[in-house]
Every structure is written in structure tokens, then in C-alpha cells.
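Below you'll find the structure, written out as C-alpha cells, and then a few comments.
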There are 2 protein chains.
Amino acid sequence: MAQTLRVSRSDSRLPQILDEAARLFREKGYAATSMRDIAAAVDMLPGSLYYHFAAKEDLLVAVYEEGVRLISEKVRAAISRHEEPWQKLEAAAVAHLEALLKTGDYALVVIRVLPQDVPKAAARLVKLRDSYDRLFAELVAALPLPPETDRQSFRLLLLGALNWSQHWFRESGRNSPRSIARSFLRLLREEQKT
Amino acid sequence: MAQTLRVSRSDSRLPQILDEAARLFREKGYAATSMRDIAAAVDMLPGSLYYHFAAKEDLLVAVYEEGVRLISEKVRAAISRHEEPWQKLEAAAVAHLEALLKTGDYALVVIRVLPQDVPKAAARLVKLRDSYDRLFAELVAALPLPPETDRQSFRLLLLGALNWSQHWFRESGRNSPRSIARSFLRLLREEQKT
DNA sequence: TTATAAAGCAAACAGTCGTTTGTTTTATTT
DNA sequence: AAATAAAACAAACGACTGTTTGCTTTATAA
């Protein structure tokens, strides 16, 4: 008999649901993505999604959590490979951008879907975002900068530019997440070398 | 018989419709704002909006156009008050941020609502955005930078950071659009002074 | 083999969506 | 005062929204 290969049932199709939800939330935004869209993408009936998630917002929160987890993990790993503060920051910037522009969907949802777009889940989303922001704050705090430097502005400048790149980035021969992150950091770092 | 230029009634409540649409699109996003929301805000019936606009997308495009017009105007005026390239750029950055964070609704819609969120109008929205981006490209081109400097990255870094500020900015005593724009530019400019 | 619980189906719920249509009000022009 | 055109009303259209309910299938454990 053709016993269809069956993995244990426990995590059945939940990962697939999250994948497609992430893809659709990223592509069309939260409000413009319907539960029916997601159901169709995983070849299910709309109501069946509610076995896995109590509400649409909870599905978004789950994607958000995975997004933050993925990107944090990548950045932490990159940081740990260096000792010098500027190198740590550069590695973090590269990892951040690669997670955003290559890993794709999950991470992009985090910076594309605004907490205010989902009032009922806004608090949870903000909390997840903040936990990540702290990572970069620590890196910037460790930089050997002139005493009059505004470190908060420094962080906001860098992270803002990195996040905004989603709007214009197109992969190409000389354009990679890595090269962009490095270009940005070079523009910010040069003053320190003198 | 005087060709009476009929200002009288012609654009009666159209400005009000645009104002409220801009406010709602900024607050809740495009997809989450319904024509009924807008109609209620201007104390009209939903169907009446269709006397002024053939479709919801056209209403967005109108807001977009006004947003680009407002911010371009402000930035151009600021630029014209200076001669030195760095001062021109700083004035432009300040004006850009003030238009975004103080003028409010219209300009914010332009950087908050993504063209891809409105497929039918995407081409028109991109065109409007690009017309503005060119303004900054010219300013950066005029800067006296070391020959090896990547001017495209410079522009993307600055403009990205400025646009992203919508996500964290809160008006306060020591925090103003002007002070932020200046902080950013100082971080980018310092290397040139040495 | 039978019991059990996970997972999904089928169908509908009440409400909202963008939009259209025919009619009425309102202000201006003749 | 009558004619005209702008502007808004009133009511509905079909499609789509998130979600609920009861029932059936399916894989695992006893």
C-alpha cells in the first residue's frame, strides 16, 4: 500500500501557515490580507485556521515573534564573531540587512507592519520591537566616539537607513545587503579614523 | 457678458474631504480606511464622495499629489535661502523633516502608504515619489566630497533615516524636527571638516 | 481493534466593503 | 421668476470580511 510519508502529527501544518501568512502580510500588508487569502495559500478552508489561531491578530503576532527571533539570532551570532566595537557594529548591520532583504518575509513583516495598524495587538508588537532595538543601543554605546557625539542620533540614523532600504533595494551584481551595510557604516565611521 | 470665473462654489467641500482622507490614511493606513470612514468624517453619505472622486484610489492619489507638492515646495524654498552646498542640504533636511513631522498628514501619507498597497495606482504614486527624490540627488551631487565617496549611498542613508523618523519621533523640549535633522547631518558631515 | 484527540471540512453568521443608481436639494445664471 | 447645473441624499447592489458552529476525517495510543 502506498503509505504516504507522514511526519509526526504534532506540528502538522502550522509552519506552512506561518510561512504563507508572513509572505502575504509582507506583500500586501496586514489589513489587505484576508484570512481567506491565507487559507487558500495553504489549501485549507478559512475556518480551519481558527484551530491554530484564535484570531487574525494572533496570527500576526506569531509571525512577528518569529521575525524578531530570526533577526535577533542572526545579529547576535554575527556580533559574537568579533571583538572590536566597530567591527561588531558592522557585522550587526550586515546581519540585520541580510535578515531583512534575504531571509525575507518574517523579518520584513516586523518592520513593515506597524503596531498601530493592529490596535488590539499593538502593545505586544511594540514590546517585541523594543527587545530588538536594545541590541543595537548596546553596540553603539560601546563605540569609541568623541565625547560630544550624540549616540542616540547615531543609532537612529543607522537603523533608520537600514530599515528604509526595504523600499528601494533591488538585488544586483554590485548591490548586496552586505555592500550596502558597509557603505553606510563607512560614511559614519570615516570621521573617527582621522 | 463676462466670462465669470466660477470660484464661487466649484470646490466647495473638496478640501475638507482631502484633509480628512489624509488624516485617516495616515492614522490607519490605506486599506484599513473605508470610504464610509471618510464620509463620516466630513459628515456626508458614502456615495456622495463619488461625485468628487471616481474611486478610492483616486482619492489617495489626490492626497499623494498634495503631499508631494507641499513637501517639495517647503524644501525648495529652504534650499533657495542658501548658497553653500552643505548649508543647502542641511536646510533641505530640516525642511523635509518639518514637513513630515509638523505639517503632518499629507506629507506623511506619501512616505507611509506604499505604492504596492494600491496596485491600481502604484505607477502614479511611484512617479510622484521619484519626482521628489531627484531634488535630493541634486543636492548631494553638489557636495564637496572626497572623490571616493559613494554619493548614492550618502543620499539613501540620509533620506532613509529622515523618513524612518516617523516611527520614533515624539515632540519634546529638546527634540524637534530641526534638531534631529541637524544631528544627522553633523554625523555625516564631520568627516569633511578635518 | 477500539478509543481518543488532533486537524480539517462544510456551511453559515452578521457585518462591512467599494460602488452605482435615481432622486432631491441647493446655489447660481438667465 | 424660471432654467440650469452642482452637490448631496437615500437606498441598495453583490462581493467580501473575520469568525463560529457542528460534523467528519485521520492518525496515534490503548
Side-chain angles (χ1 to χ4, degrees), chain A residues 1-22 24-25 27-64 113 117-122 124, chain B residues 1-22 24-25 27-64 113 117-122 124:
Chain A
M1 57 180 152
Q3 176 67 346
T4 48
L5 57 117
R6 267 249 163 259
V7 196
S8 71
R9 194 123 157 275
S10 62
D11 55 357
S12 59
R13 309 184 56 191
L14 203 142
Q16 198 190 347
I17 294 173
L18 284 175
D19 279 356
E20 295 299 325
L24 288 165
F25 286 154
E27 272 180 26
K28 328 197 325 175
Y30 175 75
T33 299
S34 71
M35 292 298 269
R36 281 171 177 82
D37 290 337
I38 299 169
V42 297
D43 205 34
M44 264 186 195
L45 293 186
S48 304
L49 292 174
Y50 287 81
Y51 175 79
H52 300 274
F53 297 94
K56 189 186 175 187
E57 336 134 21
D58 295 320
L59 182 41
L60 174 69
V61 171
V63 171
Y64 233 81
V113 176
D117 289 346
V118 200
K120 285 188 207 160
R124 280 179 286 174
Chain B
M1 47 195 305
Q3 182 76 300
T4 56
L5 73 113
R6 354 188 263 89
V7 179
S8 54
R9 162 157 118 199
S10 85
D11 51 4
S12 57
R13 307 185 58 191
L14 204 143
Q16 198 190 345
I17 294 174
L18 284 176
D19 279 356
E20 296 299 325
L24 287 165
F25 286 153
E27 271 180 26
K28 328 198 325 176
Y30 176 75
T33 300
S34 71
M35 292 299 269
R36 284 171 175 82
D37 290 337
I38 300 169
V42 297
D43 205 34
M44 263 185 196
L45 293 186
S48 304
L49 292 174
Y50 287 81
Y51 174 78
H52 301 275
F53 297 94
K56 188 186 176 187
E57 336 134 20
D58 295 320
L59 183 40
L60 175 69
V61 171
V63 170
Y64 234 80
V113 176
D117 289 346
V118 198
K120 286 187 208 161
R124 279 179 287 174

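Below, chain A is the first sequence line, B the second, and so on; all start at residue 1.
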Open item on the list: Nearest whole Å is fine: how far is C:dG8 C1' from A:Leu14 CG?
Closed with: 14 Å
TODO: Using atom CZ of A:Arg13 as one end and atom P of D:dT26 as the other, report the distance to the nearest whole Å.
DONE: 13 Å
Open item on the list: The side chain of A:Met44 is closest to which nucleotide in this list: D:dT19, C:dC9, D:dC9?
Closed with: C:dC9
Open item on the list: Could you work out, with ring pair (Phe, Tyr, Trp, His ring centres under 6.0 Å) as the rule, every residue matching B:Tyr64, not counting sequence neighbours?
Closed with: none
- [ ] Provide, to the nearest angstrom, the distance between the NZ atom belonging to B:Lys28 and the P atom belonging to C:dT16.
- [x] 12 Å
Task: Distance in Å, A:Tyr30 OH paired with A:Asp117 CG, rounded so as to fall on 0.5 Å steps - done: 9.5 Å
Open item on the list: With heavy-atom distances below 4.5 Å as the criterion, would you say the side chains of B:Met44 and B:Glu20 are in contact?
Closed with: no
Task: Within residues 29-41 of chain B: residues closer than 4.0 Å to DNA chain D (heavy atoms) - done: B:Arg36
- [ ] Verify the contact: side-chain N or O of A:Ser48 to OP1 or OP2 of C:dA7, cut-off strictly under 4.0 Å; return yes or no.
- [x] no
Task: Counterpart residues, side-chain hydrogen bond (donor to acceptor under 3.5 Å, both in side chains), relative to B:Lys28 (two or more places apart) - done: B:Asp37
TODO: In whole angstrom, give the distance that lies between atom CD of A:Gln16 and atom C1' of C:dG8.
DONE: 13 Å
- [ ] Under the salt bridge (Lys or Arg N to Asp or Glu O under 4.0 Å) rule, collect the residues that match up with A:Asp19, sequence neighbours excluded.
- [x] none
- [ ] Output the residues of residues 51-59 of chain A in contact with DNA chain D, where contact means a heavy atom of the residue under 4.0 Å from an atom of the strand; sort by number or write none.
- [x] A:Ala55, A:Lys56
TODO: Begin from the C-alpha positions of A:Asp58 and A:Lys120 and carry the test salt bridge (Lys or Arg N to Asp or Glu O under 4.0 Å) through to its verdict.
DONE: CA-CA 10 Å; A:Asp58 295 320; A:Lys120 285 188 207 160; over 6 Å; no
TODO: Taking side-chain contact (heavy atoms from CB on, under 4.5 Å) as the test, write out the residues that go with A:Pro119, two or more places apart.
DONE: none
TODO: Could you state the atom-to-atom distance from CG of A:Asp43 to C1' of C:dA7 in whole Å?
DONE: 14 Å
TODO: Return the value, rounded to whole Å, for the distance between atom CG of B:Leu45 and atom P of C:dG22.
DONE: 18 Å
Task: Distance in Å, A:Met35 CE paired with A:Phe53 CZ, rounded so as to fall on 0.5 Å steps - done: 8.5 Å
TODO: Kindly point out which of C:dA10, D:dA8, D:dG18 is positioned nearest to the side chain of B:Ser12?
DONE: D:dA8
Task: Residue that, paired with B:Val63, satisfies side chain to side chain contact (heavy atoms under 4.5 Å, CB included) out of B:Leu18, B:Leu24, B:Ile17 - done: B:Leu18
